[in-house]
Amino acid sequence: MHINYDSIGYREIGVKHFDLGFTIRSAQPLTFYADYDRVSRTLVYPSDGKIINLRELESGRGRRIGIASKSIDYAVYDVKRRFRLGDRLSSIYGAISTDATMEGLIQNFSGMRITLNDPWETTMCYILSQYNNIPRIRGITKRMIARFGSDIFGDHDSVVGKAFPKSHEIAAASEKSIVECGAGFRAKYLVEAADYCTNNIDMARLGKLDYPELKDELLQIKGVGDKVADCIALFGYGKLEAFPVDVWIKRIVERLYFRGRKKSIKEIHRFAEDKWGRYAGVAQQYLFFHGISGGLEGNGKKK
DNA sequence: ACCCAGGCGGGCG
DNA sequence: CGCCCGCATGGG
């Protein structure tokens, strides 16, 4: 996706506590398909039939971001919503700074935000994520978009990008065609989930439920288990108390808080709920990013 | 060649 | 409840 429209809108806004690079590099759903350039600190992503271009500007005191899009008003609204710029990160930090370890992570990754993504997109991304690795999830997701997403048009009917596939588009796809994108055994979960999300549940309506009820509903989807349901709740519905426990989180919590002693997923959930409460999901993202960016070297796994 | 990945469903005791 | 297994595929 490139910015090659003829007429383009542009606006700059100031934001406290925002680091686009950390946010993107912490492997949230947006990361699985949007293009981020680390040198220019620019993100390009599709949203509701538009291409949005977001750049982190050189900042003195307080961050500034530049937003470019053909539909600039919509783009500004979308960026604010998508990156949850209305959250007061300083008060969230205050709430989860329960120990020196978390304080350190917050200091290291200050400005990393939890993104808010379309529920179906989030569901698809995390079904693809199971028993998989991040670079590969990216590849599969991009091939799925190229194959099943609809075109996004700029001026003069020129195609400027592809939209993330809608659930009905995946529901209509053959399992074979999804396997061809590299989804492997997850393909059958995906078509079933797509059908379920198209015909059996109103994903937008689920947003009105509170976290426990929402999770129960999500667990009805085949291919969505405890961990993926928490990811959808956190990244798709903004339930900041959701604390997805994957292999990284399990290892890092065991290492940082239990001196390397093995703990069950259930015990880790209880620990996180007690310790970080309604912002556990935010704490989770800082732990996760610490893990995938080398925080487990030595005692645990490499990478 | 080798290991493992932002797990899940199903089957078992 | 807990445990164990198979699962498709390719990045590192």
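Throughout, a chain's letter reflects where its sequence line sits, starting with A, and its residues are numbered from 1. This structure is a prediction, so every number in the text was calculated from the model and none was measured.
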Over all strands shown, is [X] touching base, sugar-phosphate only, or nothing at heavy-atom distances under 4.0 angstrom?
X	value
A/V245	nothing
A/S26	base
A/Q285	base

Using 30° and 60° as the class boundaries, would you call the ring planes of [X] and [Y] parallel, tilted or perpendicular?
X	Y	result
A/Y74	A/Y77	tilted
A/F109	A/H290	tilted
A/F271	A/Y257	tilted

Please give, in whole Å, the distance from [N] [atom2] to [X] [atom1]?
X	N	atom1	atom2	answer
A/Q130	C/dT9	CD	P	14 Å
A/I127	C/dT9	CD1	P	18 Å
A/H269	B/dG7	NE2	C1'	13 Å
A/I137	C/dA8	CD1	C1'	14 Å
A/R186	C/dG10	CZ	P	10 Å
A/R270	C/dC1	CZ	P	10 Å
A/K262	C/dG2	NZ	P	17 Å
A/K266	B/dG7	NZ	P	20 Å

OP1 or OP2 of B/dC8 sitting under 4.0 Å from any side-chain N/O of A/K188? no

Is A/Y131 stacked on the base of B/dG7, meaning ring centres closer than 5.5 Å and planes within 30 degrees of each other? yes

With rounding to the closest Å, how many angstrom separate the C1' atoms on C/dG10 and B/dG9? 23 Å

Tell me if a side-chain donor or acceptor on A/Y33 pairs with a main-chain N or O of A/R143 at a distance below 3.5 Å. no

Among all residues two or more places apart in sequence or in another chain, which pass the side-chain hydrogen bond (donor to acceptor under 3.5 Å, both in side chains) test with A/K215? A/D226, A/D230

Along DNA chain B (nearest heavy atom to each residue), the more 5'-positioned of A/P29 and A/K222: A/P29

Note: for A/C231 and A/V224 on DNA chain B, the residue whose nearest nucleotide lies more 5' is A/C231

